[in-house]
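Worksheet: one structure, shown below.
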Amino acid sequence: MAVKITTRAENYSQWYIDIILQAKLADYSPVKGSMVIRPRGFAIWEKMKSVLDSMFKETGHSNAYFPLLIPESFIKKEAEHIKGFAPELAVVTHGGGEKLEEPLVIRPTSETIIWAMYKKWIQSYRDLPLLINQWANIVRWEKRTRLFLRTTEFLWQEGHTAHASKAEAQEETLRMLFVYQNFAESFMAMPVLTGEKTESEKFAGAVKTYSIEAMMQDRRALQAGTSHNLGQNFAKAFDVTYQTQNGERDHVWATSWGVSTRLVGALIMAHSDDRGLIIPPKLAPIKAVIIPIFNNQNKSRVLSYAKVLFERIKTSYSTEIDDDEQNKPGWKFAEWELQGVPVRIEIGPRDMENDQVVLARRDTGKKITIPAKDLEETLGNLLEEIQNNLYHRALLLRKKNTYQIKEYAEFKEIFDGPGGFIESAWCGNPECEAKIKEETKATIRVLPLGRDELKNHNCIYCGSTADKIAVFSKAY
RNA sequence: CGGGCUGUAGCGCAGUGGCUAGCGCGCUCGGUUCGGGACCGAGAGGCCGGGAGUUCAAGUCUCCCCAGCCCGACCA
């Protein structure tokens with residue numbers, strides 16, 4: 001037994017790390033807190049990237065690239081922004097062997113450099129809206145890191161838009177939030193809550209921050225994407241104004257939104273099991289793998305039969321064939337399960353004789369035997385079924401572990417015990433939020449969207465009148 | 001950034017201050033196997049995380065540094 005994955009029950013954190021290392025998604029780099037994304041991990045990110053990128057294009061955004069290095073003074077222009085990011089900045093003080101006159105910051109996010117440029121590009125309402133996205137790496141000096149979930153350097157996408165009105169910026173903020181929701185649910189098969197962040201969890205420099213939040217298998221929350229309404233904060237800091245239709249000047253209204261390689265971590269923790277990775281078919285770089293089963297007598301016949309089937313499906317279903325002769329089938333089964341390939345196609349002498357193939361699905365492990373002529377159709381349906389099943393499985397987990405709680409004693413009990421999501425009324429006072437965090441380690445993940453204003457409710461903590469529902473959870 | 005644990009072959013680990021540092025898996029070669037992680041035989045592979053010290057003698061003792069993991073404060 002070469003490969004051993006710690007079970008989730010034994011140690012959830014170790015399980016997560018084992019999967020990443022064993023499935024060769026990533027590896028630790030020599031620099032503390034940073035990681036190498038290996039081909040198998042990067043392939044998943046590339047898939048995510050291409051789906052998201054086309055969603056951004058469909059909503060009217062164009063890609064551009066802004067530089068990695070930002071003058072330190074830029075970061076300092078927006079008061080809240082610098083306050084939020086100062087502790088996490090990596091600063092370049094030397095270049096070309098000489099001390100720099102002004103230190104350069106490695107971008108922790110690009111608002112400042114982008115708004116410095118937007119000032120040059122925006123003069124009139126005719127220049128608006130300006131809808132730009134960039135795919136980039138960023139650096140935030142993190143004290144405590146975890147593969148994919150929090151590393152010093154990571155890859156992400158950041159959209160930065162400028163608008164002529166407050167309402168339009170708000171509309172854009174929510175539009176992109178829903179793009180993220182759609183991506184998470186339809187492609188990652190990962191149900192998410194959408195909602196607004198509280199003041200304390202808001203992005204430094206935003207007027208409002210919204211996020212999508214998913215429940216991982218250990219019942220903790222993971223923030224999987226954020227969308228910010230920046231109001232006029234950056235426009236004012238960088239003095240970006242435009243001339244309105246009736247000749248007046250106004251500061252422009254802004255949004256920014258992003259998702260990162262953290263999504264790969266989310267994907268792992270949402271679906272995978274004690275045998276290894278499980279990738280939802282829509283994001284799986286390899287959707288099916290053919291394992292020919294042969295011995296010395298029938299090797300050439302089985303292989304050629306398997307290869308005919310392989311040729312039939314390889315382009316429409318991005319299939320691989322594992323015709324290695326060293327490892328036995330059982331070894332291959334385990335190996336490809338570890339890699340998370342959604343469907344395994346077993347083809348042996350028995351199947352060859354009966355014109356059939358065996359399909360094994362990664363999510364449930366169940367095997368079915370089907371006529372070879374039905375392969376394309378059945379495989380297509382099966383992939384769809386797996387995608388749906390993963391989503392519903394994750395949704396069920398969240399439902400089972402979401403509670404509506406009115407009594408603080410009960411609230412505490414849940415976070416002392418199994419954990420999960422708790423929906424409770426909250427008065428809006430940051431002090432109650434802080435106390436709850438102190439006492440239970442749970443934070444407000446979101447104030448969910450689409451909930452009616454509450455009547456006759458009392459704050460879970462202080463008991464005073466509350467008109468908001470908040471979702472509490474321990475979070476990554 | 002604090003507290004704990006750990007660094008010995010690619011990976012997982014043994015290794016009373018003493019002579020040539022081992023075991024399992026993996027790797028290479030040859031053969032037999034092949035429907036849920038096969039077996040036999042022969043090999044290759046080590047600055048014992050780095051540095052300084054104590055000692056006749058250090059993988060082993062002391063100090064410093066580095067890295068990783070776990071637990072806390074800060075964060076996508």
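Every chain is numbered from 1, with letters handed out A, B, ... down the list of sequences. These numbers come from the heavy atoms of this one structure, side chains and all, not from hydrogens, waters or symmetry mates. Worth saying up front: this structure is predicted, and the values here are computed from it rather than measured.
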Return yes when atom CH2 of A:W156 has more than 12 non-hydrogen atoms of other residues, nucleotides or ligands closer than 6.0 Å, and no otherwise.
-> yes
Contacts satisfying side chain to side chain donor-acceptor pair (under 3.5 Å) that involve residues 37-47 of chain A (not counting sequence neighbours) are A:R40-A:Q339
Indicate whether the side chain of A:T152 and that of A:S34 have a donor and an acceptor atom separated by less than 3.5 Å.
-> no
Gap in Å between the two P atoms, one belonging to B:U32 and one to B:G22, rounded = 33 Å
Distance-only donor-acceptor check, side chains A:Y305 and A:N298, under 3.5 Å | no
Would you mind telling me which residue lines up with the more 5' stretch of RNA chain B, A:F148 or A:E325, judged by nearest nucleotide?
-> A:E325
Show the numbers, then the answer: is there a ring-ring contact (aromatic ring centres under 6.0 Å, His included) between A:F411 and A:Y408?
-> CA-CA 5 Å; A:F411 183 102; A:Y408 189 57; 5.5 Å; yes
Could you tell me whether A:V259 contacts a base, only the sugar-phosphate backbone, or nothing, with contacts defined as non-hydrogen atoms closer than 4.0 Å?
-> nothing
Measure the distance from CD on A:E337 to C1' on B:G35 and round it to the nearest whole Å.
-> 14 Å
Classify the nucleic acid contact of A:I17 as base, sugar-phosphate or nothing, counting any heavy atom under 4.0 Å across all strands shown.
-> sugar-phosphate
Give A:F154 one of three labels, base, sugar-phosphate or nothing, depending on what nucleic acid heavy atoms sit under 4.0 Å from its own.
-> base
Considering residues at least two apart in sequence or located in another chain, which fulfil the side chain to side chain donor-acceptor pair (under 3.5 Å) criterion with A:S110?
-> A:Q134, A:E158
Using whole Å, report how far CD of A:E346 lies from C1' of B:C34.
-> 13 Å
Of the listed nucleotides B:C71, B:C34, B:G37, the one nearest the side chain of A:R144 | B:C71
Parallel under 30°, tilted from 30 to 60°, perpendicular over 60°: which one fits the rings of A:F203 and A:H228?
-> parallel
Distance between the C1' atoms of B:C39 and B:U33, in whole angstroms?
-> 7 Å
In whole angstroms, how far is the P atom of B:C11 from the CG atom of A:L21?
-> 11 Å
Kindly say whether, by distance alone, the side chain of A:R344 makes a donor-acceptor pair under 3.5 Å with the base of B:G36?
-> yes
Write down the protein N/O and nucleotide N/O pairs, taken from nucleotides 66-68 of chain B, whose separation is under 3.5 Å; answer none if there are no such pairs.
from: B:G68; atom 1: OP1; to: A:G33; atom 2: N; distance (Å): 3.2

Can any side-chain N or O of A:H271 pair as donor or acceptor with the backbone N or O of A:M188 at less than 3.5 Å?
-> yes
Separation between the C1' atoms of B:G2 and B:A76, rounded to whole Å = 24 Å
What's the closest nucleotide to the A:E142 side chain, out of B:G37, B:G72, B:A76?
-> B:A76
Starting at the 5' end of RNA chain B and moving along, which residue's nearest nucleotide shows up first, A:Q223 or A:N11?
-> A:N11
Write down the distance between CD (A:E153) and P (B:A76), rounded to a whole number of angstrom.
-> 18 Å
Hey, does the side-chain of A:K367 have a donor or acceptor N/O within less than 3.5 Å of a partner on the base of B:G36?
-> yes
Consider only side-chain N and O atoms of A:S256 and A:H160, and report whether a donor and an acceptor are under 3.5 Å apart.
-> no
Rounded to whole angstrom units, what separation is found between the CG atom of A:D324 and the P atom of B:C27?
-> 10 Å
Note: contacts of residues 188-207 of chain A with RNA chain B (heavy atom, under 4.0 Å) are none
Determine whether more than 12 heavy atoms belonging to other residues, nucleotides or ligands lie under 6.0 Å from atom CD of A:E439.
-> yes
Spacing of the C1' atoms in B:G59 and B:G18 (rounded, Å) | 13 Å
Look at the side-chain N and O atoms of A:R275 and state whether any lies under 4.0 Å from the OP1 or OP2 oxygen of B:G37.
-> no
How would you label the contact of A:S13 with the nucleic acid (heavy atoms, under 4.0 Å): base, sugar-phosphate, or nothing?
-> sugar-phosphate
Quote, to the nearest angstrom, the C1' distance that separates B:A21 from B:G46.
-> 9 Å
Step through it carefully: locate the ring centre of A:H61, locate the ring centre of A:W257, and say whether they are under 6.0 Å apart.
-> yes
Heavy atoms under 4.0 Å is the rule here; annotate nucleotides 38-43 of chain B 5' to 3' with B where the base is hit, S where only the sugar-phosphate is, and - elsewhere.
-> B-----
Is a donor-acceptor pair below 3.5 Å formed from side chain A:N327 to base B:C34, judging by atom type as modelled?
-> no
Identify whether any heavy atom of A:T209 sits under 4.0 Å from a base atom; if not, whether one sits that close to sugar-phosphate; answer base, sugar-phosphate or nothing.
-> nothing
Test item: side-chain donor near acceptor, A:T173 and A:R175, under 3.5 Å | no
Could you go through residues 276-292 of chain A and list every donor-acceptor pair under 3.5 Å that involves a side-chain atom there, pairing it with any protein atom two or more places apart or in another chain?
from: A:K282; atom 1: NZ; to: A:S186; atom 2: O; distance (Å): 3.4
from: A:K287; atom 1: NZ; to: A:P281; atom 2: O; distance (Å): 3.0

